Structure formats: structure tokens, C-alpha cells
Enquirer: 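To start, I am sharing the structure in question, which I have written as C-alpha cells.
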Amino acid sequence: MDPAEPDQPIASASVSADTALAVDIVWSPHPGELREQRLSLPSGSTLARALADSGWFEAARLPSLTAGIWGRVKPLDTLLREGDRVEVYRPLTVDPKEARRQRYRATGRRIVTRHRPLGRKA
């Protein structure tokens, strides 16, 4: 580029301000209940913006939520991309190891996984 030529505008800067991205937000407030919503957000939106725009949560409650994108917990200031699946996670009610112990006590049988069945060595 010749220094005498005027600077060319950067196309990505003008496009990103005008474009919107579509994201899905998923939340299960109670066992057996699933809420899904598709949001259209401005480019550069964060995870916190998606949660606020869903209308499901009060602004004061947002910092206490555990949320992620595609199954991975992320901070609320994470930038979203087109097609992201935003998920809001409920807190665990019981430790998974303790739940297995309780099931073992109730049935008296060892819980067998499909990865290492009894009687076989991997």
C-alpha cells in the first residue's frame, strides 16, 4: 500500500457493529423441566448479556449463576460467537460419589459401568 493513499476502512469493524449473532440459551430450573430460547444479540455480546436478555433472571442474581457454553463453565464476561449454546447449571444437591454409595447401600450390588464390566480386565 502506498503511504500517499488514504487509509482504507477495515471491513470487519463496520460489519461486526451491524451484525447480530444467534445463540441458544438452555436452562433446567427443576428436574424434568427444560427451557430453551433462541436469542438474537448484537455482535460482541457477552455471556452475561445473553442471560440478562433471556428474561429468566434478575440482574442482581446474575453474578451468582453458574453458566457455560457447550458444556464448559465460562466466566460471565466471555464473548459469544454465532451458534453458541449457552447453558445455565443448577447446583448439585448431592455429591456424585455419595449418591453412588447410597445406591450401593440400597441395592447391595456393585454398580457396573460399560467401560469396565465385572470379571474382565481392560
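Residue numbers count from 1 along this sequence. Because the structure is predicted, anything quoted here is derived from the model rather than measured.
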Enquirer: In chain order, what residues pass the side chain to side chain contact (heavy atoms under 4.5 Å, CB included) check against Pro31, with sequence neighbours excluded?
Expert: Arg90

Enquirer: Could you note down all residue pairs passing ring pair (Phe, Tyr, Trp, His ring centres under 6.0 Å) where residues 34-55 supplies at least one of them, sequence neighbours left out?
Expert: none

Enquirer: If you link ILVMFWY side chains whenever their heavy atoms are less than 4.5 Å apart, which other residues fall into the same cluster as Val94? By chain and number, please.
Expert: none

Enquirer: Only pairs at least two apart or in different chains count here, so list each salt bridge (Lys or Arg N to Asp or Glu O under 4.0 Å) that has a residue in residues 45-72.
Expert: Arg49-Asp53

Enquirer: Identify the two heavy atoms, one from Pro42 and one from Ser45, that lie closest to each other, and give their separation to 0.1 Å.
Expert: O-OG, 2.6 Å

Enquirer: For Tyr89, enumerate each residue passing the ring pair (Phe, Tyr, Trp, His ring centres under 6.0 Å) test, keeping only those at least two apart in sequence or located in another chain.
Expert: none

Enquirer: Can you list the residues that meet the side chain to side chain contact (heavy atoms under 4.5 Å, CB included) rule with Glu33, with sequence neighbours excluded?
Expert: Pro29, His30, Arg35

Enquirer: Looking at CD of Glu98 and OG1 of Thr93, how far apart are the two atoms once the value is rounded to the nearest 0.5 Å?
Expert: 11.5 Å

Enquirer: Hydrophobic cluster mates of Leu76, side-chain heavy atoms under 4.5 angstrom, ILVMFWY only, any path?
Expert: Leu21, Val23, Ile25, Trp27, Leu39, Leu41, Leu47, Leu51, Trp56, Phe57, Leu62, Leu65, Ile69, Trp70, Leu80, Val86, Val88

Enquirer: May I have all residue pairs that pass side chain to side chain donor-acceptor pair (under 3.5 Å) and include part of residues 75-86, sequence neighbours excluded?
Expert: Arg85-Glu87

